[in-house]
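So the structure is just underneath, and the comments pick up after that.
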Amino acid sequence: MTEPLDRLTERLLDAARRAGAEAADALAVRGTSLSIDIRARQLEQAERAESLEVGLRVLIGGRQACVSASDVSDATVAAMAERAVAMAREAPQDPHVGLADPAQIARDWDLAGLELQDPMDEPAPAALEEDARRAEAAALAHAGIFQVEATGAYSRREMHLAATNGFSGGYGRSSRSISAVAFTGSGTQMERDWAGETRVFAADLPSPDWVGELAGARALARAGARKPRTGHFPVIYDERVSSSLMSHLLSAVNGSTIARGGSWLRNDLGRQVLPAHLSFVEDPLRPRTGSSRPFDGEGLPTRRRAIVENGILTGWTLDLATGRKLKMPSTANAARSTSQPPSPSVSNTELTAGTLTREALIAEMGTGLLVTALMGSSINSNTGDYSRGASGFWVEGGEIAYPVNECTIAGNLREMLLTLVPANDARPHLSNRVPSLLVEGMTLAGA
């Protein structure tokens, strides 16, 4: 019989108490994943994996240590606790580490309202294979597509967190996905592009045919790509990649970065960092969204909060330890794995949408670069200087002229974010809802 995760975390805490821990928390994670890969019309791989991991963090006199294991026998659990206590006694002292006060912890939450887990049974491998084959066939229906790699996948994950401060809670989440990568051309002129969709509920997925058709169309649009010209031009980050731009803002307001003094926004709390009409909000309680969670990695209740409100930076992203370092309360943003202590991390984010469609934003840009893929990066965390490899499409007179590749876009994040013009094309099911973004005056290095 499979041991319930809440009982498993209690076993870990009991072992920690017996080993001499002053305080402890325990995390147990059980997961199942299934994927079917199709390549060149043949079954490339069928894989199913089941996993169980447990982690224990013990605290003794301002010192902490973490241990993890995949074996949950009584002997292993006892050895984990003894090892963690021994490590903690030798760890450097940190006055900021520690569990939440019992008055801070989450006591109740609406797990059913979050809709994190599809009630349907695990799909049969044949169903996932059919998804992949239909996506492949739809992509290959395009003349000029010579190869497709398609995948149908499913995963289910359960977790439970418990601590000696009285917190105990857990939840599960599921996902179903379809993806396809299509190839066109040959030799040095070979191009590829992809499409993929993931949902918590299988019933919300678009059809495999739609995914495959989109992958094929995107790949064909890349045919004949060449370098754009060098100069200063506006750049549109397509909705597929626009969240990466906002991720640099999230990194800069992360409490760990702020506590180290290594952020280009370290002196900008309460100052304007986005255009005045834009807000950037985190909402961990959004239903049917893959990263939603009722409590954070330290058992604190999560809530909706504005990271940037009407252009003004309102606060840092904090767990308990970084909050204590900065003399601020935690924002309930702790995340942790079985092998690492908590650290600050966001769940679901959303940038204020604009009024223009993506096509209207391209027309407004006039001449510049539409970026659909990014690779590599050089980001100076202290100054915000930014440089990334990019590919996409050159725009002339407000219309797409030709595909481009092998170029670099560069600027300064502080200046870039202050010029953002968003479209209205953010996809509502994504954890990070960021529409296509127009950025003025970037440097392009191409031909």
Side-chain angles (χ1 to χ4, degrees), residues 1-19 21 23-34 48-59 66-85 99-100 102 104-123 154-176 200-201 284-285 287-288 290-302 332 334-342 347:
M1 180 177 176
T2 302
E3 182 177 14
L5 295 185
D6 57 346
R7 188 177 303 168
L8 180 52
T9 55
E10 284 303 321
R11 275 211 292 139
L12 287 160
L13 294 181
D14 288 343
R17 293 185 187 99
R18 290 193 299 270
D25 58 17
L27 176 64
V29 181
R30 179 181 286 124
T32 300
S33 63
L34 177 62
R48 188 178 194 278
E50 295 186 4
S51 63
L52 173 62
E53 296 182 13
V54 293
L56 177 66
R57 178 175 64 135
V58 303
L59 300 104
C66 295
V67 295
S68 62
S70 56
D71 174 18
V72 294
S73 65
D74 289 341
T76 298
V77 168
M80 282 178 65
E82 292 169 0
R83 187 175 299 115
V85 167
L99 302 182
Q104 295 177 283
I105 63 177
R107 297 290 181 178
D108 57 78
W109 47 84
D110 182 14
L111 192 57
L114 288 179
E115 297 184 278
L116 297 179
Q117 196 161 210
D118 193 332
M120 294 185 65
D121 293 336
E122 176 183 316
Y154 166 86
S155 71
R156 187 180 294 269
R157 181 177 180 268
E158 297 176 286
M159 64 80 67
H160 196 92
L161 175 69
T164 54
N165 60 5
F167 178 80
S168 180
Y171 54 87
R173 64 172 80 249
S174 64
S175 73
R176 181 84 176 261
V200 173
F201 284 67
L285 301 176
R288 288 200 180 208
S291 295
S292 293
R293 53 181 183 170
F295 52 82
D296 78 344
E298 294 175 305
L300 275 61
T302 55
R336 64 166 296 182
S337 67
T338 56
S339 60
Q340 297 289 332
S347 295

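Among all heavy-atom pairs drawn from Pro301 and Gln104, the shortest one is CD-O, 3.3 Å. Of all the heavy atoms in Ala24 and Leu56, the pair that sits closest is CB-CD1, 4.3 Å. Closest non-hydrogen pair, Leu99 versus Ala163, comes out as CD1-CB, 4.2 Å. Across every non-hydrogen atom of Ala100 and Asn165, the tightest pair is O-ND2, 3.0 Å. In this structure, Thr302 and Ala332 approach most closely via the heavy-atom pair CG2-O, 3.9 Å. Counting all heavy atoms, side chain and backbone alike, Thr338 lies closest to Glu53 at OG1-OE1, 3.2 Å.
The line from CZ of Arg293 to CG of Leu116 is 11.5 Å long, rounded to the nearest 0.5 Å. Rounding to the nearest 0.5 Å gives a distance of 8.0 Å between OG of Ser337 and CG of Leu27. Summarising the geometry, atom CD belonging to Glu298 is positioned 8.0 Å from atom CG belonging to Asp25; distances are rounded to the nearest 0.5 Å. Summarising the geometry, atom CD1 belonging to Ile105 is positioned 11.5 Å from atom CG belonging to Asp296; distances are rounded to the nearest 0.5 Å. Interatomic distance, Arg30 CZ to Glu50 CD, rounded to the nearest 0.5 Å: 9.5 Å. Here the CZ atom belonging to Arg336 is positioned 8.5 Å from the CE atom belonging to Met159, to the nearest 0.5 angstrom.
For the pair Asp74 and Arg11, the salt-bridge criterion is met [side-chain N within less than 4.0 Å of a carboxylate O].
With hydrogens and angles ignored, the 3.5 Å screen pairs a side-chain donor or acceptor of Arg173 with a backbone N or O of Gly290. Within the 3.5 Å criterion, the main-chain N or O of Asp121 finds no donor-acceptor partner in the side chain of Arg156.
Glu122 is linked by a salt bridge (charged side-chain N to carboxylate O under 4.0 Å, His left out) to Arg48, counting only residues two or more places apart in sequence or in another chain. Scored by the side chain to side chain donor-acceptor pair (under 3.5 Å) test, Ser175 finds Ser155 as partners (sequence neighbours excluded).
Listed by first and then second residue, the salt bridge (charged side-chain N to carboxylate O under 4.0 Å, His left out) pairs that reach into residues 106-116 are Glu115-Arg288, sequence neighbours excluded.
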Practice item. Dump the intermediate steps for side chain to side chain contact (heavy atoms under 4.5 Å, CB included) on His160 and Leu8, then the final yes or no. Key: CA-CA 9 Å; His160 196 92; Leu8 180 52; over 6 Å; no
**Study point:** Residue pair Val54, Val77: steps toward the side chain to side chain contact (heavy atoms under 4.5 Å, CB included) verdict
**Key:** CA-CA 9 Å; Val54 293; Val77 168; 5.9 Å; no
Check your understanding: Do Ser174 and Val200 pass the side chain to side chain contact (heavy atoms under 4.5 Å, CB included) test, and can you show the C-alpha distance, the side-chain angles, and the key distance before you say yes or no?
Key -> CA-CA 6 Å; Ser174 64; Val200 173; 4.2 Å; yes
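Ring pair Tyr171/Phe295 is perpendicular by interplanar angle, where above 60° counts as perpendicular and below 30° as parallel.
Across Leu52, Val29, Leu161, a single residue satisfies side chain to side chain contact (heavy atoms under 4.5 Å, CB included) together with Leu5, and that is Leu52.
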